[in-house]
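Computed from a prediction, not measured in an experiment: that's the story for all the values here.
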Amino acid sequence: MIRFVLVFSLLMTSAAFGDDHHPLPIEGTTKHMGVATCASSTCHGATQAFRDSNVNQNELSVWQNEDPHANAYKILLDPASEAIASKLGIGPAHEADMCLDCHADNVPESARGEKFTITEGVGCEACHGGAENYLSSHATGSATHAENLEAGLYPTEDPSQRAELCLSCHQGNKNQMITHRIMGAGHPRLQFELDNFTWMHPHFEVDEDYVERKGPYDGAVNWGVGQGVAAITQLETLLDDQAGWNGIFPELVLFDCHACHRSMFKTQWVPRPSTGLGPGVVRYNDASLLMVRHVAAHVDAAAAEAIAQQTRDLHGAMRKGRAETEQAARRLLESVSAMVPRLEDTEFDSSAIRAMFEGLVKDGARGEFRDYAAAEQAALAVDTVLIAFEDNGVISAEEGERLRQEASALYDATRSEDDYRQSEFVAALKKLSAAVP
């Protein structure tokens, strides 16, 4: 059974990410040379953006001063991190692989160059891949982007592969996980959405030169692909005999936190239509799957409906047994994995964006955002939708700003997971819907 599950998982990964799939930077074979090797003022270490350059060349400064990734290692020295490590019994947090795998560029000693230091946190090569073979050609501009990729540069411009990279830490995968045990020791709950997170602290611009070298950026595509890859990663973890189980229990981090973490004295349970579950059932966290079916409906309505039904089947199978759960998870994994490449090759026009938005509004009306995680993802999706409306000429920049002010009510409603109220969120969603031209 273990061999079958692992082989199936590898086949699904190949289907989702294509034949030119690159290993994650932490899994690559090239050496990581260290942030210092990118720090020259004529490379990426300038204090200000260059005017006549393909790239801004001040990326290091942006990373150091604006990007939280630069401080990821330092967080491990905080008292809160020390307390988590102590509860887990893993020694100092800043020395434990369990922590360093995501809070630093924790490649093996054999893959560390002379100027590499683990204390740099999540530095350049943690995302862009070990620079041993592309550093010189990349710096001089003597190689094409495709040649640099061949030499070990990670294709962050590719939505599915960027999603796989980001989610390896911001959600976890079967090889490096934020488990329920780690969260029980005090680690914060994780959240991620590819399009929004891509633009939180960017050190690049999608200008004409970027498009010429790497292709255009489409927020709706990135949103949909990101949700698909999140669902794939989570299902692969569920199917893994080691990562997906903890003793007699499945790995509980894969389930909806707030199905259990709520007051025992508030009898607030009501049905959520798409799950088919009754009260007192621990629910699989299907927030990404809820989002996937909206974007998939534009590509293939029948396939989107199949994903919705297979998600419901997975919820039901979890009440029966492990074998039934694995069977349902495999079917769903196959469907989502087949959909992701199609999403990446789709252009989403204004009618498709509007249909996705209207789908989110309908979900709210029928009670699909009772779970906080789903509402959180819906709020992030709305931001992508409004920007797409602007890009497609549905609304002006001034209207976009006005609508984003309206959408702030969605963020207010999801600001605190402990105080989340579905009624407030749905009311804000309906008000926003009425304001969209």
Side-chain angles (χ1 to χ4, degrees), residues 5-19 21 158-168 170-174 192-195 220-240 243-244 250-251 254-256 274-275 283-318 324-346 348 352 356 359-360 363 368 371 373-374 377-378 380-381 384:
V5 170
L6 290 177
V7 169
F8 182 88
S9 176
L10 289 171
L11 288 173
M12 288 301 99
T13 298
S14 177
F17 303 127
D19 295 334
H21 176 248
D158 182 284
S160 62
Q161 297 196 68
R162 186 170 75 260
E164 184 189 10
L165 169 63
C166 298
L167 286 162
S168 67
H170 287 276
Q171 174 180 283
N173 58 32
K174 63 187 179 184
F192 181 79
E193 191 278 298
L194 184 64
D195 182 48
V221 169
N222 278 262
W223 170 60
V225 169
Q227 295 291 350
V229 175
I232 290 168
T233 303
Q234 191 170 317
L235 287 165
E236 286 182 335
T237 303
L238 176 67
L239 282 166
D240 187 87
E251 174 46 62
L254 302 173
F255 291 73
D256 188 271
S274 65
T275 67
R283 295 185 297 280
Y284 183 74
N285 183 358
D286 63 352
S288 290
L289 289 161
L290 274 174
M291 300 298 110
V292 165
R293 62 182 174 81
H294 287 299
V295 70
H298 174 65
V299 179
D300 187 333
E305 183 58 37
I307 289 172
Q309 182 58 53
Q310 289 168 353
T311 301
R312 185 183 178 95
D313 292 344
L314 177 61
H315 283 299
M318 287 179 169
E324 291 86 348
T325 297
E326 290 182 348
Q327 186 178 27
R330 289 190 194 103
R331 284 197 297 267
L332 182 54
L333 176 58
E334 184 174 6
S335 295
V336 179
S337 295
M339 177 57 64
V340 167
R342 299 177 69 185
L343 297 179
E344 216 165 352
D345 292 335
T346 299
F348 293 90
M356 286 188 278
L360 291 172
D363 264 3
E368 293 299 345
D371 295 332
Q377 287 299 325
L380 292 168
T384 293

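- Put simply, the side chain of Asp256 does not reach to within 4.5 Å of the side chain of Tyr284, judged on heavy atoms.
- A distance of 10.5 Å separates CG of Asn173 from CG of Leu165, quoted to the nearest 0.5 Å.
- Salt-bridge annotation for Asp286 and Arg312: absent, with no side-chain N of the basic residue lying under 4.0 Å from a carboxylate O of the acidic one.
- By the ring pair (Phe, Tyr, Trp, His ring centres under 6.0 Å) test, His315 is found to be paired with no residue, residues two or more places apart in sequence or in another chain being considered.
- Under a 3.5 Å cut-off, the side chain of Glu324 and the backbone N or O of Met318 do not form any donor-acceptor pair.
- With sequence neighbours excluded, no residue forms a salt bridge (Lys or Arg N to Asp or Glu O under 4.0 Å) with Asp195.
- Note that CD of Gln234 is 11.5 Å distant from CG of Leu239, once rounded to the nearest 0.5 Å.
- Under a 3.5 Å cut-off, the side chain of Thr325 and the backbone N or O of Ala317 do form a donor-acceptor pair.
- Between Val336 and Ala231, the shortest heavy-atom contact is CG1-CB, 4.3 Å.
- Looking at Trp223 and Leu194, their side chains never come closer than 4.5 Å, going by heavy atoms from C-beta outward.
- Across every non-hydrogen atom of Leu343 and Gly224, the tightest pair is CD1-O, 3.7 Å.
- Note: His298 and Phe348 have tilted aromatic rings, judged against thresholds of 30 and 60 degrees for the angle between ring planes.
- For the pair Met291/Glu193, no side-chain contact is recorded, criterion being any heavy-atom separation below 4.5 Å from C-beta on.
- Not a single side-chain hydrogen bond (donor to acceptor under 3.5 Å, both in side chains) links Asn285 to another residue, sequence neighbours left out.
- Pro341 and Ala338 make their closest contact through CD-O, 3.6 Å (heavy atoms, listed as atom of the first residue, atom of the second, distance).
- Although no hydrogens or angles enter the test, the distance criterion places no donor-acceptor pair under 3.5 Å between the side chain of Ser337 and the main chain of Glu334.
- One distance of note links CD of Glu236 with NZ of Lys174; it measures 5.0 Å at 0.5 Å rounding.
- Formation of a donor-acceptor pair under 3.5 Å by the Gln171 side chain with backbone atoms of Ala230 is found in this model.
- Smallest separation of non-hydrogen atoms from Arg331 and Gln310: O-OE1, 3.5 Å.
- Remark: Arg162 engages Thr198, Asn222 in a side-chain hydrogen bond (donor to acceptor under 3.5 Å, both in side chains) (not counting sequence neighbours).
- Two residues are said to be in side-chain contact when any heavy atoms from C-beta on lie closer than 4.5 Å; Ile307 and Leu332 meet this criterion.
- Rounding to the nearest 0.5 Å places OG of Ser160 at 11.0 Å from CG of Leu167.
- The shortest heavy-atom contact between Ala381 and Leu360 is CB-CD1, 3.9 Å.
- Taking 4.5 Å as the limit, every side-chain heavy atom of Leu238 sits out of range of all side-chain heavy atoms of Glu251.
- The side-chain hydrogen bond (donor to acceptor under 3.5 Å, both in side chains) check on Ser288 picks up Gln227, with sequence neighbours excluded.
- Inter-residue side-chain proximity for Asp363 and Arg293 is flagged as met; some heavy-atom pair is nearer than 4.5 Å.
- In terms of heavy atoms, Thr237 sits closest to Thr233 at OG1-O, 2.9 Å.
- With hydrogens and angles ignored, the 3.5 Å screen pairs a side-chain donor or acceptor of Asp158 with a backbone N or O of Gln161.
- Of the possible polar contacts, one joining the Asp300 side chain to the Ala302 backbone as a donor-acceptor pair under 3.5 Å is found.
- Contact of the Leu314 side chain with the Leu235 side chain is registered, since non-hydrogen atoms from C-beta on lie closer than 4.5 Å.
- Residue pairs that meet the salt bridge (charged side-chain N to carboxylate O under 4.0 Å, His left out) test with at least one member in residues 222-235, sequence neighbours left out, do not exist here.
- Side-chain contact check for Leu290 versus Thr311: every heavy-atom pair is 4.5 Å or farther apart.
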